[in-house]
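Remarks on the structure that follows.
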Amino acid sequence: MRESLICIGKTTKNGYCFEDTGIRVFSYEELCFYLSQHMICYLSTLPGEDLLIFLREELGLSKLSRQLYKLLDPEKDQMKYFAALFREGNYFTEEEIRDILDHYRELKNEPVFRQEKKKGDLYVKCGRAQKALGCYRKALKQPKLPEEEKGALYHNQGIAWMKLFRFTDARLSFLKAYRYTGDEKSLFYYYCVIAFSEGQECAGKELAALDASDILLEAFEDRLEEMKEEFLTSAAGVCYRKILYMKENGRAQEAAERKAEMVQSLRHDFRKEIDT
């Protein structure tokens, strides 16, 4: 968990990992916080029985585990499951529990395309781009989608493709998003994907083919330069500059080794997204 929580109950060494998001919790308090922030994942299902085993065997909450087991029946009201879980340890106040359950009820009443979009957006934030793509595809298949909603879905789909280094797919998604909404943000992402994969000159030609003005192209070039500057001051950027320096100063072998290490590190960072 990235947030800092005060845990007054038992904490465990290994914790419990939610496979959908890859997030691990180690205490009852973390569990409550996690579920309250991820209710969108449980509109049609509930956490598995392995969570009940975690509650019973690692947190010592046998009574709660038995109570929740009785509420796993799909015919039961799912809200009762979460109400029982949240009330067990007094982590949330009654007012906070009502607010969480009200939000859960609102999510269940939303159209399917909006539910799937929210779920996909959450998966992207959690480093599960491949799972996010499944949500966006399902949302885009829904009938009578408003064009603005369809454009937003394609835009976020493009971001997910980028995280998987699928630049051709990302490019197509951003272009579709722009054609549905006319949003310059999608057009800028389209421009950036081409500039990154095929070069800035090619990106400029593609923009011209879409009848973009010279003023807009200049604005995009400036924004891209700003992004490059930000990258060069990042940890990855510093490493990249060192590699270039070695290459330019007769240390080609060392530069190649450092580059291989950097690529390996990037592959490791994105491995979960590629494999999931």
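As the structure is a prediction and not an experimental result, all values here were calculated from the model.
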**Message:** If the threshold is 4.0 Å, N to carboxylate O, is there a salt bridge linking Lys119 and Glu116?
**Reply:** yes
**Prompt:** Does the distance from a Lys or Arg side-chain N to an Asp or Glu carboxylate O, for Glu149 and Arg114, drop under 4.0 Å?
**Reply:** yes
**Request:** With sequence neighbours excluded, tell me which residues meet salt bridge (Lys or Arg N to Asp or Glu O under 4.0 Å) with Lys108.
**Result:** none
Distance-only, no hydrogens or angles: does the [X] side chain make a donor-acceptor pair with backbone N or O of [Y] under 3.5 Å?
X	Y	answer
Gln142	Lys138	yes
Gln115	Leu107	yes
Ser65	Leu61	no
Arg24	Asn14	yes

Is there side-chain contact between [X] and [Y], with heavy atoms separated by less than 4.5 Å?
X	Y	result
Tyr81	Pro47	yes
Leu145	Leu153	yes
Glu94	Arg87	yes
Asp121	Tyr136	yes

**Asked** For the residue pair Tyr42 and Phe18, does the interplanar ring angle fall in the parallel (under 30°), tilted (30 to 60°) or perpendicular (over 60°) class?
**Response** perpendicular
**Prompt:** Relative to the ring of Phe165, is the ring of Phe167 parallel (under 30°), tilted (30 to 60°) or perpendicular (over 60°)?
**Reply:** perpendicular
**Prompt:** Only one of Phe174, Tyr178, Trp161, Tyr180 forms a ring-ring contact (aromatic ring centres under 6.0 Å, His included) with His155, so which one is it?
**Reply:** Phe174
**Message:** Tell me which one of Arg223, Arg171, Glu221, Glu184 satisfies side-chain contact (heavy atoms from CB on, under 4.5 Å) with Tyr191.
**Reply:** Glu221
[X] side, atom [atom1]; [Y] side, atom [atom2] - distance, nearest 0.5 Å:
X	Y	atom1	atom2	value
Ile40	Lys118	CD1	NZ	6.5 Å
Tyr104	Asn109	OH	CG	11.0 Å
Thr12	Glu30	OG1	CD	8.5 Å
Leu72	Glu49	CG	CD	6.0 Å
Leu101	Met39	CG	CE	6.0 Å

**Request:** May I ask you to check whether over 12 heavy atoms, not counting those of Phe196, lie within 6.0 Å of atom CZ?
**Result:** no
**Request:** Dump the intermediate steps for salt bridge (Lys or Arg N to Asp or Glu O under 4.0 Å) on Asp20 and Lys131, then the final yes or no.
**Result:** CA-CA 8 Å; Asp20 276 2; Lys131 289 184 69 67; 3.5 Å; yes
